[in-house]
Amino acid sequence: MALGVPQPHAPSHHIAAAGPPPEFQSLDGSLKADVCIVGGGFAGLSTALHLAEHGIDTVLLEAERVGWGASGRNGGQLHSGQRQDVDWLIDWVGREQALALWQIGEDAKAFFHATCSNYGIDCDWKAGLFQPVHKARWVDSHKEYVRFMREEIGYTDLEWISAEAFAEASGATGYFGSARDASAGHLNPAKYAFGLARAAAEAGARIFEGARVTSIEGKRLATDTSTVHAETIILAGNGYIGGLEPEIADRVMPINNYIAVTEPLGDDQTAGGLIPGGEAFGDSRFVVYYWRPTPDGRLSFGGGESYSSAFPNDIAAFVLPHLTKVYPQLKNVQMDYAWGGTLAITRKRMPLIRKIRNGVYAACGFSGQGVALAPFAGKIVADAIAGDPARFDHYATLPAPKFPGGTALRAPLLAAAMTWYALRDRL
């Protein structure tokens, strides 16, 4: 592919349903800006939007198209809180910090709704997210967590659903009950990313596509066809940042995940009546199964991960065995869409949001919680640069351990660990 020419978006149902994406010019030559953002996904686009609204001259460089990476390829589920449960956070960083992080997660949900309202982003929002338990022996601990959240934290949007009630709500097999989060839910992430891009451009951010950053030296960023000089650099490429910044590469691990979408099963958002309430689902497996109905009557299902740079040759066939564990009645269903994407995890499954060194910030490693947290991270970073670091500091002070083995050994070590967890899921 020619230098400066971006690749098209993945052949996902998200993109097909989103309509024509916004288009931005490539970058040739050199320019200057107060801030340069690397990465045109949720975090980068939101940072650009809020910096521009602060009156800060901002350039965003996206290697491909805006929303091309995980922001346009993910499962479309917007969760509450952080990736880690509140009780885990309390044990890790203490009650005060844990509750502050929980509140940031709640603020992120409110931010999503306010952003869609303020900028006219219609991304097919649907409330309701089940978290079903796939092992009978785990039911008591999950029920206790629901009680803890309701009675001790005051989060009454979370409730426990019996196995029988869950089966009626989901049409799924193999589960022993579920938590249900009434204020979490699901959406079309590509529509959301495109809406953020349009809003950022209208606010004055300069966005360039096909602008792959190849090196950073001091305040100078180089692409294949251009250079940008900026006083502040924000690295928001998540699983696609590669080896551009060693401090990130040591702490943020890219992994691949896969989604397939069925042929239409009905004509409304119930997947042919399987899911009468139209909610989303993310189960208790370590390698999570997650699914949701689409507005045009299909079932979107995510399952299975890999840790090399290559995707399976037949992604639909890769996902189907996972789907049929939950919906055996769909064993002969046709998959009309199938795609993979690269997300990024940290060892503690908490985002890496911090200043790496003077003038360089990171906002990445959202560990599967990026639909809610990544766009809000953009506002958090923008506010910090504009002089309000309160929320930023809650993340910046969190421990961020390196993956063992360095960049050479982290992938095989993680693959071995994830294989063990996948085996545990089956036992």
Side-chain angles (χ1 to χ4, degrees), residues 9 12 14-25 33-62 64-80 104-127 183-209 234 236 238 295 353 363 366 369-386 388 391-392:
H9 287 95
S12 72
H14 303 330
I15 297 296
E23 294 188 19
F24 299 96
Q25 63 185 3
D34 294 334
V35 178
C36 183
I37 301 164
V38 180
F42 287 151
L45 293 167
S46 180
T47 308
L49 167 61
H50 291 93
L51 286 173
E53 291 186 335
H54 281 301
I56 296 172
D57 181 28
T58 302
V59 163
L60 183 149
L61 305 178
E62 163 55 42
E64 307 297 351
R65 304 288 304 277
V66 295
W68 184 89
S71 296
R73 301 174 187 234
N74 65 78
Q77 297 192 2
L78 187 142
H79 292 256
S80 300
I104 287 174
E106 288 301 280
D107 293 344
K109 287 193 305 189
F111 170 83
F112 163 75
H113 292 293
T115 299
C116 291
S117 176
N118 293 341
Y119 301 103
I121 303 173
D122 180 2
C123 54
D124 303 330
W125 167 253
K126 176 67 177 178
S183 62
H186 62 105
L187 58 133
N188 182 321
K191 287 187 176 183
Y192 187 31
F194 296 165
L196 288 172
R198 294 183 180 102
E202 290 173 5
R206 292 179 283 169
I207 299 173
F208 298 94
E209 295 180 319
I234 301 169
N238 207 37
I353 301 172
F366 296 102
Q369 198 87 340
V371 177
L373 294 181
F376 196 52
K379 176 172 171 53
I380 288 171
V381 173
D383 288 348
I385 291 171
D388 178 8
R391 290 190 177 103
F392 180 86

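Scanning all heavy atoms of the two residues, the minimum distance from Ala372 to Ala108 falls at O-CB, 3.5 Å. When all heavy atoms of Ile15 and Ala190 are compared, the pair lying nearest together is CD1-CB, 3.7 Å. Among all heavy-atom pairs drawn from His9 and Gly67, the shortest one is CD2-O, 3.8 Å. When all heavy atoms of Arg73 and Trp68 are compared, the closest pair comes out as NE-O, 2.7 Å. Listed here is the closest heavy atom pair of Ala33 and Val59: CB-CG2, 3.7 Å. Here the shortest heavy-atom pairing between Gly40 and Leu45 reads O-CD1, 3.4 Å.
Side-chain atoms of Asp383 and His54 form a donor-acceptor pair, as typed in the model, at a separation below 3.5 Å.
Looking at heavy atoms from C-beta onward, Gln77 lies out of side-chain contact with Val371 at the 4.5 angstrom threshold. Side chains of Phe42 and Asn74 form a contact here, defined as non-hydrogen atoms less than 4.5 Å apart. The side-chain heavy atoms of Ile353 and Leu373, taken from C-beta on, include no pair separated by under 4.5 Å. Taking 4.5 Å as the limit, every side-chain heavy atom of Ile385 sits out of range of all side-chain heavy atoms of Asp34. Taking the side chain as every heavy atom from C-beta outward, Pro21 and Val66 never approach each other to under 4.5 Å. At least one side-chain heavy atom of Phe208 sits less than 4.5 Å from a side-chain heavy atom of Gln25.
In this structure, Arg206 CZ and Leu61 CG are separated by 10.0 Å, a value rounded to the nearest 0.5 Å. Of the inter-residue distances, the one linking Leu51 atom CG with Lys379 atom NZ reads 10.5 Å to the nearest 0.5 angstrom. With rounding to the nearest 0.5 angstrom, the CD atom of Glu23 is 13.0 Å from the CD1 atom of Ile207. Here the OG-CD distance, from Ser80 to Gln369, works out to 8.0 Å after rounding to the nearest 0.5 Å. Note that the NE2 atom of His14 and the OG atom of Ser71 stand 11.0 Å from one another [nearest 0.5 Å]. Here CD1 of Ile234 is found 7.5 Å from OG1 of Thr58. Values are rounded to the nearest 0.5 Å.
Partners of Arg65 by side chain to side chain donor-acceptor pair (under 3.5 Å), not counting sequence neighbours, listed by chain and number: Glu209.
Proximity of a side-chain donor or acceptor of Ser117 to a complementary backbone N or O of His113 within less than 3.5 Å is not detected. When atom types are taken as modelled, the side chain of Ser46 and the backbone of Pro375 share a donor-acceptor pair closer than 3.5 angstrom.
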Test log, rule side chain to side chain contact (heavy atoms under 4.5 Å, CB included), inputs Phe24 and Leu60: CA-CA 11 Å; Phe24 299 96; Leu60 183 149; over 6 Å; no
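Taking the six-membered ring where the residue is Trp, Phe112 and Trp125 present tilted rings, their angle falling between 30° and 60°.
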Side-chain donor-acceptor distances from residues 191-202 under 3.5 Å, at least two apart:
from, atom 1, to, atom 2, distance (Å)
Lys191, NZ, Asp124, OD1, 3.3
Lys191, NZ, Asp124, OD2, 3.1
Arg198, NH2, Pro20, O, 3.1

